[in-house]
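Report on one structure; see the data block that follows.
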Amino acid sequence: MRDRSMQQAAPSLAGLPNHLLTIPEVAEFLNVPVRWVQDAVQQRRVRCTRIGKHVRFTAEHLAELIASGEQAVLSAAQVGAVTPFRDSRRSRL
């Protein structure tokens with residue numbers, strides 16, 4: 001009975017198993033190199049669970065990581081306000 005209530009309480013991403021994921025599994029899911037995940041854990045840029053020396057992730061951790069990386073869409077007025085890059089090496093004749 002308790003297991004069923006815990007499974008329902010934990011949010012899960014579509015197609016993601018309802019268990020703790022390893023670094024290689026997370027890297028494959030996010031389509032990033034394993035080293036990127038390792039560096040992010042070391043720099044504490046991502047939330048994770050440590051079980052002894054082992055690093056594990058839940059679906060909730062991944063959902064937070066994905067949500068934190070979202071970028072807002074610019075409106076047409078904001079796109080026009082962006083100044084174009086000017087190369088200072090070119091002459092201004």
Exercise answer: donor-acceptor pairs, residues 26-37 side-chain atoms, under 3.5 Å, sequence neighbours excluded:
unit_1, atom_1, unit_2, atom_2, d
R35, NE, D39, OD1, 3.3
R35, NH1, Q38, OE1, 3.3
R35, NH2, D39, OD1, 3.2

- Query: How far apart are the C-alpha atoms of T58 and L20, what are their side-chain angles, what is the distance that settles it, and do they pass the side-chain contact (heavy atoms from CB on, under 4.5 Å) test?
  - Reply: CA-CA 5 Å; T58 64; L20 297 175; 3.4 Å; yes
- Message: Restricting to side chain to side chain contact (heavy atoms under 4.5 Å, CB included), what partner residues turn up for R47, sequence neighbours left out?
- Response: E60, H61, E64
- Note on the structure: Which of V41, T22, L21 passes side chain to side chain contact (heavy atoms under 4.5 Å, CB included) with V55? Answer is V41
- Note on the structure: Rounding to 0.5 Å, atoms NE2 (H54) and OG1 (T49) come to a distance of 13.5 Å
- Message: Using the side-chain hydrogen bond (donor to acceptor under 3.5 Å, both in side chains) criterion, which residues pair with Q43? Sequence neighbours excluded.
- Response: R45
